[in-house]
Amino acid sequence: TFVAGVRRDRVTTSLDGSPDQVDNATTFRVGLTYEIFDGVTPYVSYAESFIPTIGLDVHGNQFKPQEGTQYEVGVKWQPDRHTLLTLSGFDLTGSNRQQTDPEDGNNTIQTGEVSSRGFEFEAIRRLPDNYSVSLSYTKLDVEVSESVIPIELGFPISGVPENQASLWGEKTFLLAGDLTARIGLGVRRMGESKEAAIFSDGLVYRLDSPDFTLGDALLGLSWGKSDLALNATNVTDERYYGSCSIRTACSVGYRRNVVLRWTYRL
């Protein structure tokens, strides 16, 4: 299976007292999947992205959009009709990163670049009696790869955990006719993240954000063309810090969040 696509974006941002900011970008993506053996399917992909950066520098110049490229290679293995295993490796690069102008502390420039490399493993298994379970693990190495400040090269990016893992289980019940119910429980583990910064004294300061574990839950009903789902994240209402910054402070993580959603298929 071969997939190729091209996308054209035009974004207009209006700010009171300033001329409209217009950003244009053309991005591409391409992917190839091939089943070399029964149930064993390697794949490769390449994708581009962009995000508008709002604002002007001290000279009145509009900031350029942040741009990204991603290379990914992996393999999917389906040893039987109830099991799917996926292992992938990826390399992402983000350019036009904003950073403080070393020659003017009141100005912001865009010469920075960040890179993210890592791998991800995911396993999905359907069990007898309408049970299902999924497991995933991600290993990330995110750092500054280009900067006008040479000593900043190799610095970690704040708020990005090096290790992430999750486990989710779900059970489906047949109640009556086409009425079914679903119960799901899961846990997410976010490892510690690191940050490094250079201050006016020329010293490098480093800070670790603590790891945390959160639980999620699902209650759902389906009948006919309707689906009613109650999703809860951080069900135990854990207090934690999402990330900590040397320059500012620690950001408080999201508390318990409950969402009721009804979906009707035409």
Side-chain angles (χ1 to χ4, degrees), residues 1-34 41-74 76 86 88-101 106-120 122 136 138 140-149 152-153 155-161 164 190 193 195 231 233 242-243 245 248 251 254 257 259 261 263-266:
T1 302
F2 178 76
V3 177
V6 58
R7 171 172 170 160
R8 179 66 177 176
D9 287 274
R10 175 183 173 87
V11 181
T12 302
T13 305
S14 299
L15 298 174
D16 290 341
S18 302
D20 288 351
Q21 176 175 324
V22 180
D23 294 291
N24 298 282
T26 302
T27 53
F28 301 88
R29 69 184 182 99
V30 62
L32 177 65
T33 300
Y34 187 77
T41 308
Y43 70 91
V44 294
S45 68
Y46 167 80
E48 299 175 343
S49 64
F50 101 110
I51 301 176
T53 303
I54 309 302
L56 306 172
D57 63 17
V58 295
H59 306 293
N61 299 314
Q62 176 182 312
F63 290 127
K64 300 177 181 178
Q66 297 183 55
E67 299 177 344
T69 59
Q70 174 179 325
Y71 297 89
E72 183 172 342
V73 58
K76 298 182 179 183
T86 304
S88 62
F90 48 85
D91 188 324
L92 295 83
T93 301
S95 58
N96 293 331
R97 170 177 170 263
Q98 290 182 305
Q99 57 185 142
T100 302
D101 188 343
N106 296 318
N107 188 31
T108 300
I109 57 178
Q110 289 181 283
T111 60
E113 181 183 273
V114 295
S115 66
S116 174
R117 300 178 180 89
F119 69 88
E120 184 174 47
E122 183 180 40
S136 68
T138 303
L140 284 174
D141 180 14
V142 183
E143 62 181 30
V144 177
S145 51
E146 285 187 12
S147 174
V148 294
I149 307 174
E152 192 182 38
L153 295 176
F155 275 17
I157 304 301
S158 175
V160 182
Q164 304 176 38
M190 309 298 286
S193 59
E195 186 191 42
N231 291 275
T233 57
S243 64
S245 172
T248 55
S251 61
Y254 289 107
N257 185 38
V259 177
R261 179 180 292 110
T263 303
Y264 183 80
R265 298 178 298 276
L266 300 177

Within a 6.0 Å radius of atom [atom1] on [X], are there more than 12 heavy atoms belonging to other residues, nucleotides or ligands?
X: Arg97; atom1: CZ; result: yes
X: Arg8; atom1: CZ; result: yes
X: Tyr46; atom1: OH; result: yes

When you compare the side chain of [Y] with that of [X], does any pair of heavy atoms fall below 4.5 Å?
X: Leu140; Y: Pro161; value: no
X: Ser14; Y: Asp20; value: yes
X: Thr26; Y: Val6; value: yes
X: Gln110; Y: Asp57; value: no
X: Val44; Y: Tyr71; value: no

Tell me the closest heavy-atom pair linking [X] and [Y], and the distance in Å.
X: Phe50; Y: Asp9; answer: CE2-CB, 3.4 Å
X: Pro65; Y: Asn96; answer: O-ND2, 2.8 Å
X: Thr108; Y: Phe63; answer: O-CE2, 3.4 Å

Is there a donor-acceptor contact under 3.5 Å from the side chain of [X] to the main chain of [Y]?
X: Glu48; Y: Thr27; answer: no
X: Thr86; Y: Lys76; answer: no
X: Gln21; Y: Gly55; answer: yes
X: Asp141; Y: Arg117; answer: no
X: Thr1; Y: Thr33; answer: no
X: Ser145; Y: Glu113; answer: yes

[X] side, atom [atom1]; [Y] side, atom [atom2] - distance, nearest 0.5 Å:
X: Asp23; Y: Ile54; atom1: CG; atom2: CD1; answer: 6.5 Å
X: Asp91; Y: Thr69; atom1: CG; atom2: OG1; answer: 7.5 Å
X: Arg7; Y: Ser49; atom1: CZ; atom2: OG; answer: 10.0 Å
X: Leu56; Y: Asn107; atom1: CG; atom2: CG; answer: 11.0 Å
X: Arg10; Y: Thr12; atom1: CZ; atom2: OG1; answer: 4.5 Å
X: Leu32; Y: Ser45; atom1: CG; atom2: OG; answer: 10.0 Å

Quiz item: Is a side-chain donor-acceptor pair under 3.5 Å present for Thr263 with Arg261?
Solution: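 Per modelled atom types, Arg261 and Thr263 side chains form no pair under 3.5 Å.
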
